[in-house]
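Have a look at the structure below, then the notes.
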Amino acid sequence: MKMAIKIKQPGLFTTVQDEGRIGYQNLGFSIAGALDQYALKIGQQLIGNKGPALECTIMGPTIEFKANNTFVITGAPFNAQLNETSVPHQTVVQANKGDILKLNNVVEGARCYILFGKPLDIPQVANSYSTHTRSQIGGFKGRALKSGDYINCIENDYGHNTLGHKYNGQLVLDEEVTIHIVEGPQIDAFSATAQNELTTNTFTISDSSDRMGYRLKGPTISPEHSADIISEPVALGSIQVPNDGNPIILLNDKQTVGGYTKIANVCQADLNVLAQLKPGNKIQFKWITIEEATDKLIAEQEEFAKTLTAITETPQFEINEMRNTSSKIAKLLKGE
């Protein structure tokens, strides 16, 4: 048996993701990629490689390790267990051959990311590991994982160097959040009343939401005339409004062009907040200017860069995990 993991139970919707398929939208390729880019990058920094991650949504997978490895779970905290023992969140943990990792259910937020010290052996499509299920490209066979899947891993001697490293930061906010938006390209198609109602009302994410977009329930925000326009490129975070007046926030698996009016666009700095929301969560929108959105993004990226640097240069450690691993190694050396 090759060095691999086996998916015993796939969870609700588990896919292979990375930073996304960048630079191919002009050819019709959606960017795909991790919805929560910060959680992905925290995991990559902790585990010490840029390998692909498993993105897990609400109910996570059960994984059997077919060889020794290390792993880390970042983003939304899940009730994760390794051999029925709780797994510390956002901490690099040792897994031995035969160990069973159960992610179970999410505690708060929506999505977590599992990264491995010996990375998943996934071929790249258009310079990305990411899965886009609608076009059936990338990731593992272009689809969400299924029970019985074997995914090979790549040997990596550096894998144990980050054992016990942890990140204590909070990546999931409260269930009701304020999402900042800027004016969309068809803002003039909506009356002043409709524009105001978008920010004075609370919207709820509907059960029909997915990685392509969040469908919102709340007051209808209809354009003054038809919502149909000539198809044009759509941006990540676009809030398009079809003829029924129910807004849709376009996410990573969105189409590259669309033919509906777009009243607004979520500012880039809030996309990771948006990624951790799930059906039933509520959203309050707030208008800001492009200049304010740019300043907000620059400040956030500068702070996040400091966080990534600190993980590497001044790492924090989970002592119990390091002791548990040392005990396991000692027993192996004694032949127990």
Side-chain angles (χ1 to χ4, degrees), residues 1-18 34 39-40 43-44 46-49 51-107 111-123 129 131 133 138-160 162-164 318 320-322 324-329 331-332 335-336:
M1 180 68 65
K2 289 184 177 180
M3 182 165 44
I5 61 170
K6 178 183 179 181
I7 306 301
K8 296 178 72 67
Q9 296 291 336
L12 181 61
F13 191 80
T14 303
T15 57
V16 175
Q17 301 293 344
D18 63 2
L40 170 73
Q44 290 176 332
L46 284 168
I47 205 71
N49 65 65
L54 297 183
E55 181 182 85
C56 312
T57 306
I58 299 176
M59 181 64 68
T62 298
I63 298 170
E64 179 181 355
F65 288 87
K66 293 298 183 179
N68 294 353
N69 208 333
T70 57
F71 69 91
V72 65
I73 303 169
T74 61
F78 278 59
N79 284 312
Q81 295 178 314
L82 185 67
N83 301 329
E84 308 301 326
T85 300
S86 294
V87 174
H89 189 51
Q90 296 182 160
T91 301
V92 180
V93 176
Q94 170 72 32
N96 294 320
K97 181 179 179 180
D99 283 354
I100 303 294
L101 173 63
K102 295 180 180 179
L103 266 287
N104 297 310
N105 61 293
V106 71
V107 176
R111 293 172 177 84
C112 77
Y113 297 84
I114 313 174
L115 296 102
F116 301 88
K118 296 175 181 177
L120 302 178
D121 189 4
I122 299 291
Y129 301 113
T131 311
T133 57
F140 187 77
K141 300 183 179 180
R143 58 168 170 78
L145 300 187
K146 298 179 180 179
S147 297
D149 284 343
Y150 277 86
I151 306 178
N152 292 330
C153 298
I154 301 171
E155 185 61 61
N156 179 15
D157 293 336
Y158 183 78
H160 287 278
T162 61
L163 192 61
E318 176 60 50
N320 289 336
E321 177 56 31
M322 300 180 73
N324 290 339
T325 302
S326 298
S327 177
K328 291 178 183 178
I329 294 172
K331 288 181 179 180
L332 289 172
E336 296 181 14

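- Of the candidates Asn69, Ile114, Ile100, Leu82, Ile114 is the only one forming a side chain to side chain contact (heavy atoms under 4.5 Å, CB included) with Ile63.
- Looking at Ile5 and Phe116, their side chains come closer than 4.5 Å, going by heavy atoms from C-beta outward.
- The minimum heavy-atom distance between Lys6 and Tyr150, with the atom names listed, is CD-OH, 3.5 Å.
- Put simply, the side chain of Thr131 does not reach to within 4.5 Å of the side chain of Arg143, judged on heavy atoms.
- Taking OG1 of Thr14 as the start and CE of Met59 as the end, the distance is 10.5 Å to the nearest 0.5 Å.
- When all heavy atoms of Gly75 and Gln90 are compared, the closest pair comes out as N-OE1, 3.2 Å.
- The shortest distance between side-chain heavy atoms of Asn79 and Val107 falls below 4.5 Å.
- How far CD of Gln44 is from OH of Tyr113: 11.0 Å, rounded to the nearest 0.5 Å.
- The shortest distance between side-chain heavy atoms of Asn68 and Lys97 falls below 4.5 Å.
- Judged purely by atom type and a 3.5 angstrom limit, Asn83 has no side-chain atom pairing as donor or acceptor with the backbone of Asp99.
- Taken from NZ in Lys141 to CD1 in Ile151, the straight-line distance is 9.5 Å, to the nearest 0.5 Å.
- Using a 4.5 Å heavy-atom cutoff, the side chains of Ile7 and Phe140 are not in contact.
- A side chain to side chain contact (heavy atoms under 4.5 Å, CB included) with Leu115 holds for exactly one of Ile47, Val92, Thr70; it is Ile47.
- Nearest heavy atom pair, residue Ala4 against residue Asn152, reads CB-OD1, 3.7 Å.
- At a threshold of 4.5 Å between non-hydrogen side-chain atoms, the residues Leu103 and Cys112 count as touching.
- Considering only heavy atoms from C-beta on, Pro10 stays 4.5 Å or farther from Asp149 through its side chain.
- Atom OG1 of Thr74 sits about 7.0 Å away from atom CG of Leu40, to the nearest 0.5 Å.
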Item to check | Derivation of the side-chain contact (heavy atoms from CB on, under 4.5 Å) call for Phe71 and Val87 | outcome: CA-CA 10 Å; Phe71 69 91; Val87 174; 3.9 Å; yes

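- Contact record, Gly139 with Val16: CA-CB, 3.8 Å, taken as the closest heavy-atom pair.
- Across every non-hydrogen atom of Met3 and Ala67, the tightest pair is CG-CB, 3.6 Å.
- Side-chain N/O atoms of Asn96 and Gln94 include a donor and acceptor closer than 3.5 Å.
- Contact of the Lys102 side chain with the Lys8 side chain is not registered, since no non-hydrogen atoms from C-beta on lie closer than 4.5 Å.
- No donor-acceptor distance shorter than 3.5 angstrom exists from the side chain of Gln81 to the backbone of Leu101, with no hydrogens or angles considered.
- The nearest pair of heavy atoms linking Asn156 to Pro119 is CB-CD, 4.0 Å.
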